Number of protein chains: 2
Amino acid sequence: MNPRDLPRTAPTIRDVAREAGVSIGTVSKALNKTGAIAPETRARVIEVAERLQFRPNTLAKSLHSGLSGSIGLISNDSFGRFTMPIMEGLERVLAPQGIGVFMCNATDDPAREAAHVEQLMAKQIDGIVVTARRSDRRPSVHLEGLGIPVIYVFSHSDDPGALTLLPDDKGGAELAVSHLLQIGRRRIAHVTGPEHFEAVHLRRKGYLDALSTVDASPLPTLNGKWTEAWGRDAVAQLYGPGKTNPDALFCGNDLIARGAADALRELGRLVPDDVAIVGFDNWAVMAEACRPALTSIDMNLAGLGAEAGRCMAAMIGGQPEHGQRLLPCTLITRASTLGY
Amino acid sequence: MNPRDLPRTAPTIRDVAREAGVSIGTVSKALNKTGAIAPETRARVIEVAERLQFRPNTLAKSLHSGLSGSIGLISNDSFGRFTMPIMEGLERVLAPQGIGVFMCNATDDPAREAAHVEQLMAKQIDGIVVTARRSDRRPSVHLEGLGIPVIYVFSHSDDPGALTLLPDDKGGAELAVSHLLQIGRRRIAHVTGPEHFEAVHLRRKGYLDALSTVDASPLPTLNGKWTEAWGRDAVAQLYGPGKTNPDALFCGNDLIARGAADALRELGRLVPDDVAIVGFDNWAVMAEACRPALTSIDMNLAGLGAEAGRCMAAMIGGQPEHGQRLLPCTLITRASTLGY
DNA sequence: TTGAAAGCGCTAACAT
DNA sequence: ATGTTAGCGCTTTCAA
């Protein structure tokens with residue numbers, strides 16, 4: 001009974017069988033509640049298994065079932081700001097189902113991605129989630145024909161067999177602009193990121209669509225970098241005698257919005273009284289540090305990740321899924337559109 | 001030869017053996033360069049293996065070797081800003097060695113952590129890395145006696161058998177303050193975070209030690225939140241007629257530093273001419289968005305992660321390691337201490 | 001140099 | 001109701 005007498009190696013099903021005085025087949029049945037077994041036998045087996053701290057070796061199970069109970073997550077932004085919440089949601093859904101997630105960082109390097117896929121396949125993973133390859137459709141590693149489900153999250157793909165999960169950028173923009181319209185703004189400018197981003201087009205479309213529902217005409221869209229500095233520059237372009245002087249700004253992300261808010265304050269324009277601002281991403285640390293705190297559109301990335309987890313589980317279970325699915329964004333209201 | 005004639009299931013070692021006209025044992029030897037084998041036989045086997053795109057099933061190998069070739073990474077900050085770079089470094093080192101990393105988010109919930117450990121052990125992982133449990137030594141799940149190596153990164157532990165990897169907070173603070181001294185500042189204030197953080201004490205110690213090397217006396221340390229708002233408040237407390245009016249600020253993190261920079265600008269004080277500022281964390285997006293761009297201390301978290309990867313590989317290989325190891329921080333100079 | 005055979009830990013079909 | 005057996009894909013003696 002001395003702990004030191006216990007073997008250093010983890011107990012196997014044989015140890016349980018011997019200790020319980022039954023065969024290993026019986027132990028298997030008892031522990032998996034499968035097949036017919038005498039209640040008292042099962043109880044005894046379970047008791048022994050617990051006493052021995054027996055942990056079934058899932059690798060051995062996998063060898064039999066053909067399912068490893070793990071998937072790969074390939075990120076292309078070095079586990080950056082966008083991947084994080086996706087990962088969090090994915091893991092939150094999958095962990096309770098006993099599905100492990102292997103993390104791989106490909107940083108948009110096809111060779112690295114290929115090596116990762118090779119290794120993942122050798123580990124017999126049951127599926128792959130690819131994330132954050134968003135700006136352009138660069139040549140990517142072929143993930144079709146791998147024989148396992150593939151899901152792209154927050155990332156485009158030309159694989160017709162794969163499932164693609166994206167935030168509804170256009171809908172999010174509509175949410176933002178509708179909110180500005182609803183608080184009485186009509187001269188709404190759009191300050192956003194570089195044109196080669198798909199999201200930039202979609203959000204602009206939402207901006208235009210929302211305006212078209214009322215008697216407000218769009219102002220020119222200003223494209224620049226995704227930075228605070230650009231937000232400040234844009235304000236310099238928009239405000240002053242003889243300039244556009246919008247009463248609201250819909251910004252392509254929170255950094256731009258924050259830069260704009262700073263520049264407006266330095267110009268003596270009050271936010272939200274003179275100019276209301278809505279950002280995009282709802283990057284908490286930015287939105288809350290903004291003066292005033294920033295109303296923003298949340299892409300619900302954790303929700304996207306969670307949905308990816310649910311879909312992956314279903315697909316592994318044999319339910320085929322494919323095509324593109326958009327998940328709604330949410331408006332998070334803060335001081336930059338309130339309280340005047 | 002039609003691809004559609006190929007079986008849907010992945011080829012096994014048997015398929016290779018049959019196709020090459022040898023036994024599976026021979027295939028194993030040929031592919032693993034182990035044992036004696038005729039060069040021509042090996043060549044043929046390799047050719048067949050490649051043609052069939054044979055991928056050895058690592059699960060089956062593991063069953064034999066007792067090593068799964070994967071480890072678990074348990075994060076407690078929901079894959080937050082600090083975990084990300086650690087993860088990145090860890091994966092960068094481990095992936096080329098064929099070691100996979102399972103991501104687990106425990107968010108400081110012992111029950112969740114325990115469940116994760118249970119699952120990881122069932123998956124036969126070869127080691128565990130725990131990260132980002134930094135502020136206080138809360139009761140944690142027992143990871144000792146699991147029979148596998150455990151490494152704490154950016155996180156304290158009372159497990160004497162485990163290895164702990166930490167950034168050298170004190171050294172980093174010395175770096176920061178020495179830099180300020182070197183550019184001629186003598187009245188250096190320290191504005192930092194809540195006192196219950198270990199890092200706050202260590203950095204303060206570094207601040208004091210660096211000052212003690214020259215004829216500069218410390219100013220009172222100001223403790224507050226890790227926020228920009230606190231940075232602004234602190235400046236309000238420090239500057240004005242009859243107040244301390246330091247000629248430099250060493251801030252506990254980049255958010256505080258940025259808030260301070262904003263407040264100083266609004267007071268009409270020039271950074272760095274009137275007041276030089278050094279932050280901590282080198283959070284790129286913050287440091288670069290700061291006006292002027294912020295000199296900061298980089299904890300080299302990716303390097304910490306990489307070191308964890310190297311140590312883990314060594315420990316799995318049988319090399320015992322334990323105790324606490326500090327890795328140096330780096331000074332990243334930007335405009336907030338230059339150019340006057 | 002190669003093949004046959006015995007496992008690694010577990011499940012599942014088949015006997016008893 | 002329980003035990004026996006035949007694998008899952010691979011490695012590794014041990015014979016041939």
Side-chain angles (χ1 to χ4, degrees), chain A residues 7-46 48-49 52-70 98 119 121-126 147, chain B residues 7-46 48-49 52-70 98 119 121-126 147:
Chain A
R8 291 300 303 153
T9 62
T12 75
I13 198 171
R14 308 171 92 96
D15 300 314
V16 178
R18 184 169 352 96
E19 188 77 9
V22 296
S23 75
I24 62 170
T26 302
V27 173
S28 177
K29 283 172 214 158
L31 261 28
N32 296 310
K33 325 189 184 305
T34 172
I37 215 161
E40 56 174 19
T41 309
R42 146 171 309 165
R44 181 156 39 93
V45 169
I46 289 178
V48 170
L52 263 45
Q53 298 205 57
F54 168 66
R55 273 184 254 272
N57 182 334
T58 60
L59 265 42
K61 282 192 184 180
S62 301
L63 205 49
H64 211 267
S65 67
L67 289 174
S68 64
S70 45
Q119 255 183 47
M121 291 309 289
K123 285 199 191 296
Q124 310 296 113
I125 52 158
D126 304 332
Chain B
R8 294 298 303 152
T9 61
T12 74
I13 198 172
R14 310 172 91 95
D15 300 315
V16 178
R18 186 170 349 95
E19 189 77 9
V22 295
S23 77
I24 62 171
T26 302
V27 173
S28 176
K29 284 171 212 158
L31 262 27
N32 295 309
K33 323 187 187 305
T34 174
I37 215 163
E40 58 174 19
T41 309
R42 147 170 310 164
R44 181 157 38 94
V45 169
I46 289 179
V48 170
L52 262 46
Q53 300 204 57
F54 169 66
R55 273 185 252 274
N57 183 333
T58 59
L59 264 43
K61 283 192 181 177
S62 302
L63 206 49
H64 220 267
S65 67
L67 289 175
S68 64
S70 45
Q119 255 182 47
M121 291 309 289
K123 287 200 191 295
Q124 309 296 113
I125 52 159
D126 304 331

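Reckoned from all heavy atoms, side chains included, excluding hydrogens, waters and symmetry mates. Chain naming here is simple, since letters A, B, ... match the order of the sequence lines and numbering starts at 1 in each. Nothing here was measured: the structure is a model prediction, and the numbers come from that model.
One atom, CZ of Arg44(B), and another, P of dT2(C), lie 8 Å apart when rounded to the nearest Å. The CG-C1' distance, from Leu67(B) to dC10(D), rounds to 15 Å in whole Å. Note: CD (Glu40(A)) to P (dA1(D)) measures 11 Å, nearest angstrom. Rounded to whole Å, atom P of dT12(D) lies 11 Å from atom CD1 of Ile13(B). The distance between atom CD1 of Ile24(A) and atom C1' of dG7(C), rounded to the nearest whole Å, is 12 Å. Computed from coordinates, the Leu63(B) CG to dC8(C) P distance equals 9 Å when rounded to whole Å. Straight-line distance from the CG atom of Asp15(B) to the P atom of dC8(D): 11 Å, rounded to whole Å. Spacing between atom CG of Leu31(B) and atom P of dT11(D) amounts to 8 Å, rounded to whole angstrom units.
At least one side-chain heavy atom of Asn57(A) sits less than 4.5 Å from a side-chain heavy atom of Leu63(B). When side chains are defined from C-beta on, Arg42(A) counts as touching Lys33(A), because their heavy atoms get closer than 4.5 Å. At a threshold of 4.5 Å between non-hydrogen side-chain atoms, the residues Val27(B) and Val48(B) do not count as touching.
Counting only heavy atoms from C-beta on, Arg14(B) has its side chain closest to dC8(D) among dT11(D), dC8(D), dT2(C). Checking dA1(D), dC10(D), dC10(C) against the side-chain heavy atoms of Lys61(B) singles out dC10(D) as nearest. Comparing dC10(D), dG3(C), dC10(C) by their closest approach to the side chain of Ala60(B) singles out dC10(D). Relative to the side chain of Thr12(A), the nucleotides dC10(C), dT2(D), dC8(D) differ in distance, and dC10(C) lies closest. The side chain of Ser28(B) approaches dT12(D) more closely than any other nucleotide in the set dC8(C), dC8(D), dT12(D). Side chain of His64(A), nearest nucleotide from dG7(D), dT12(D), dT4(D): dG7(D).
Applying the 4.0 Å criterion to OP1 and OP2 of dT2(C), one finds that Thr26(B) has every side-chain N and O outside that range. At the phosphate of dT11(D), OP1 or OP2 sits under 4.0 Å from a side-chain N or O atom of Asn32(B). Between Ser62(B) and the phosphate of dC8(C), there is no side-chain N or O to OP1/OP2 separation shorter than 4.0 Å. Proximity of Ser23(B) to the phosphate of dA4(C): no side-chain N or O atom is located under 4.0 Å from OP1 or OP2.
Residue Val27(B) is classed as having no contact, given no heavy-atom separation below 4.0 Å to the nucleic acid. Using a 4.0 Å heavy-atom cutoff across all strands shown, Thr41(B) reaches sugar-phosphate atoms only and no base atom.
Tested against Ile24(B) for a side-chain contact (heavy atoms from CB on, under 4.5 Å), the candidates Ile13(B), Thr12(B), Val16(B) yield a single pass: Ile13(B).
Nearest-nucleotide positions on DNA chain C place Lys29(B) closer to the 5' end than the other of Phe54(A) and Lys29(B). Between Arg55(A) and Ala38(B), the residue whose closest nucleotide on DNA chain C is further toward the 5' end is Ala38(B).
When every heavy atom of Ser28(B) is checked against every heavy atom of Thr34(B), the shortest pair comes out as O-CG2, 4.4 Å. In terms of heavy atoms, Lys61(A) sits closest to Pro56(A) at CE-CB, 3.9 Å.
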